[in-house]
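Comments concern the structure below.
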Amino acid sequence: AVPGLTYAESSSNLNPTFVMRGIAVGQNLEGLQKPVAVYLDEMPMQDGKSTVNMSFGLWDVERVEVLKGPQGTLFGAGTLSGAIRIISKKPDPSGVDYKFSSDIGTTSGEMRRRYNAMYNVPLSDSMAFRMSASIADEAGWVANTGIGMDPSNNYESVALKAAIGWEVNDRLTADFTYMYQDNLSDDGGTVNPNLEGQTRSNFKAEMVEAKLNRFNLTLNYDLDFATITSSSNFSETDPWQETDLSAIFGGAFPMGIVREDKSEAFVQEVRMVSTTDSDLDWVIGAFHMDREVVENQVFHTTDAFVDSKGGSIPGVSDDYMDTNNAFIYGSPVTDNLTETAFFAEVGYQVTDSLKATLGFRTSEVEIKNMRTAGGSSSLGSFLGPVVFMGGDSFTPVPYNYGEYAPGKVKPNTMKFSLAWQASDNVNYYATASEGFRANDVNRAAFVNDGVSTVDPTDTVIPKLSKPDTLWNYEAGMKGQWDTISANVAVYKMVWEDIQLFAQRLSDPATFFTNAGEAESTGVELDIIGRPSESFEYGLSIASQDAEITSISELESTMVGAVVGSPLSSPDLQVSGHVQYTAPLSGGNETFWRVDLSYIDSLTNGFPFTPGQAGVPSANFGYTDNVTKVDLSLGYVTDKWSAVLYAENAFDDDGYTFIMPQTFFDDRHMTLRPRTVGIRFTLNK
């Protein structure tokens, strides 16, 4: 429903990515920081170093804020094109409150069950406790013929949130929150278009699991002229992923990967916000984040393949990460990212109707990557030199170890805006804002000092990529009248030194580089109208043009893009809704509602093969144009409501996602097929 915002993931919890206003170069961005940051209250929650990131439920949530354009002043790294904030409901000492909801549905005869509950209780006149819990058990719709499982992409989730809010005195409030979530997908949701229907085929289930523990302590103190806020956050995430990579070698033998990560992050922010009626208002603050991700992975094959080689293969192990037939394994890799920043934003009421705002943030980002001694590779013992599909070959060597590329960068970001309150109903604005993403380590730079052993004159891989930056220039109008509200925005984004996945020309070495420039221009419109108490309609439209505008010949060869290559974004998005509510006797009411969304096709990456000049990428493709219609019919009372629904009512099965990587046969994904059910809600 939000114009200019799209979302993609290759499976539940697997590399979920929001794209805002077209700023993306592929549908499965691995390794790099995402262009849109996701915050749960005060805590940044997504981590680019892990392919598994939590898909958050929206139960017991106050609101979701979609902040378009770079938010580098107040939010820092990772908000290259925007930020999404999920704001939780807080404990309420005014009285007991409770709520329960259930959602029972069916997709192609398979059941979906969701249950949510919340309870809020005062502990005193100034303190309250609030707890919410969610359980989901959802059968999938994809069949995996390789393991004989139908459906295979079943999903389970358990979430718990507990919070205590305390008004210590007239000036000080304290809120403590604990959150736990465990999401599990039995198998991937992508399918093989060469197989019939919603079907995939693997020698193993591609399970994905993510566990989260998160703590927050927020203190607010009233200084009369300002409020000072301290937010202390700690999170611990434990992702687990199993994947079939047999397609890397054309299915010559069964090859799987098990990856287990552990991510810990501490985030501290202190900010002061003015509260006086002066023409001058301001925000100043300091931010510190320390995140560590430990990556542990093992490649393995099957008992049957080992038996076919005489019952044993030199170097194959059964005692690493509880995985049988492991033929490549290594000691854990530790990635550290530390970000420290100071920021300020000042607004001045130039006249009664004109306000100017200036924001600035200075940051220091340090990247460190380390692998301890250990690890083994026995791939060569049964394959010899490995030949890739493109014809390149290499002989496996033991893992390098040591500390890789500790380095610091000090990006600064700015924001300028003018807002003109033309009348009580209409506000015009113009904004220029800047954002950036943190850089990254190239481990390939520590093999032969990044110099190609095939052609020493080829590109020397740098130890660190550079941060990329983006400027957004935007003007718009926000209006609200008696029966209608409307927002219009026109923007141009200039993305420089884009961090991209690259491959060297002389050998298969891959790395992150900074290459080229892109621009995204567009217009967005959203309207909500309420011509009567019974009738409401909404319409959102986003039209954009996002493409590479400048890139050198060498960069083009290494990354597979040329001038004019489109970014991974649709040219047109349209969504809307119509709702009619009819009052009944006793204060009850019934309603019917239609929601519709349309999205143009978009690319899954760049058109050419990285490292091979002018060679079209075999995996390049466009998704389909997709139209989704949801229908609902509801009955509402003061105490309970019941809603019959049909999601994707006309069963659009166009491809919404295509994996750009070469090592998957199952690369395509559709919307969830038509799902019908009933939602029931009971509240105090």
Side-chain angles (χ1 to χ4, degrees), residues 7 9-17 38-41 43-61 84 86 88-89 99-105 110-119 130-140 142 149 151-163 176-189 204-216 233-243 257-267 291-297 321-323 672:
Y7 177 81
E9 61 180 0
S10 52
S11 180
S12 297
N13 305 307
L14 190 57
N15 220 8
T17 303
V38 178
Y39 284 77
L40 182 59
D41 295 321
M43 185 75 170
M45 295 308 302
Q46 286 195 315
D47 171 36
K49 295 307 299 181
S50 180
T51 57
V52 178
N53 279 279
M54 184 70 69
S55 298
F56 295 101
L58 298 180
W59 171 247
D60 201 32
V61 163
I84 294 174
I86 303 170
S88 304
K89 288 187 175 180
K99 190 174 184 178
F100 169 81
S101 74
S102 63
D103 181 343
I104 308 297
E110 302 292 340
M111 295 301 295
R112 172 168 78 181
R113 303 175 183 88
R114 299 172 177 172
Y115 306 99
N116 306 294
M118 179 277 296
Y119 185 68
R130 189 182 191 96
M131 176 177 285
S132 61
S134 301
I135 298 174
D137 184 0
E138 307 185 29
V142 174
M149 189 173 178
S152 62
N153 62 324
N154 308 308
Y155 175 76
E156 298 176 10
S157 176
V158 176
L160 173 69
K161 183 170 61 179
F176 176 78
T177 304
Y178 167 72
M179 179 179 179
Y180 170 81
Q181 192 163 342
D182 184 355
N183 295 354
L184 172 65
S185 301
D186 291 339
D187 196 15
K204 60 184 287 187
E206 297 190 317
M207 185 189 80
V208 176
E209 183 173 21
K211 295 181 181 179
L212 167 73
N213 285 280
R214 181 244 184 192
F215 303 85
N216 168 264
N233 303 269
F234 176 77
S235 69
E236 182 180 77
T237 308
D238 297 290
W240 178 278
Q241 175 186 357
E242 299 199 30
T243 307
I257 185 175
V258 177
R259 176 167 171 173
E260 180 182 23
D261 294 351
K262 187 176 184 64
S263 175
E264 293 185 353
F266 174 75
V267 175
R291 171 174 284 155
E292 178 180 273
V293 181
V294 179
E295 307 170 41
N296 211 355
Q297 65 184 29
M321 287 178 59
D322 298 322
T323 301
R672 186 184 186 101

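Quantities reported herein were computed from a predicted structural model and do not represent experimental measurements.
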Review point. How many angstroms lie between atom CG of Leu40 and atom CE of Met179, to the nearest 0.5 angstrom?
Key: 5.5 Å

Check your understanding: Do the side-chain N and O atoms of Asn154 and Glu156 include a donor-acceptor pair separated by under 3.5 angstrom?
Key -> no

Review point. With a 4.5 Å limit on heavy-atom distance, are the side chains of Asn116 and Met118 in contact?
Key: no

Exercise for review: Identify the two heavy atoms, one from Gln181 and one from Ala159, that lie closest to each other, and give their separation to 0.1 Å.
Suggested key: CG-CB, 3.9 Å

Revision key, fill the gap. Closest non-hydrogen atoms of Trp59 and Ala117, given as atom of the first, atom of the second and distance, are NE1-O, 3.3 Å

Check your understanding: From Ile135 CD1 over to Leu160 CG, what is the distance, rounded to the nearest 0.5 angstrom?
Key -> 10.0 Å

Review point. How far does CZ of Arg112 sit from OH of Tyr155, to the nearest 0.5 angstrom?
Key: 11.5 Å

**Study point:** Point-to-point distance, once rounded to the nearest 0.5 Å, from OG of Ser235 to CZ of Arg291
**Key:** 6.5 Å

Check your understanding: Would Glu236 and Lys262 pass as an ion pair if we require N to O under 4.0 Å?
Key -> yes

Practice item. Enter the distance from Met111:CE to Ile104:CD1 here, rounded to the nearest 0.5 Å. Key: 6.0 Å

**Study point:** Salt-bridge contact Asp103-Arg114 (side-chain N to carboxylate O under 4.0 Å)
**Key:** yes

**Study point:** Short side-chain to backbone donor-acceptor contact, Ser152 and Val142, under 3.5 Å
**Key:** yes

Practice item. State whether the side chain of Asp41 and the backbone N or O of Ser88 hold a donor-acceptor pair below 3.5 Å, judged by distance alone. Key: yes

Point to revise | Geometric class of the Phe100/Tyr115 ring pair [parallel <30°, tilted 30-60°, perpendicular >60°] | key: parallel

**Study point:** Candidate list Tyr180, Tyr178, Phe266, test ring pair (Phe, Tyr, Trp, His ring centres under 6.0 Å), partner Phe215, passing option
**Key:** Tyr178

Check your understanding: Given Asn216 and Arg214, is the side-chain contact (heavy atoms from CB on, under 4.5 Å) satisfied, shown in steps?
Key -> CA-CA 7 Å; Asn216 168 264; Arg214 181 244 184 192; 3.8 Å; yes

Practice item. Taking all heavy atoms of Ala139 and all of Arg672, pick out the closest pair and write down the distance. Key: O-NH2, 3.2 Å

Practice item. Answer yes or no: is there a donor N or O on one side and an acceptor on the other, between the side chain of Asp187 and the main chain of Glu206, under 3.5 Å? Key: yes

Point to revise | Pairwise distance CD(Gln297) to OG1(Thr323) - rounded to 0.5 angstrom | key: 11.5 Å

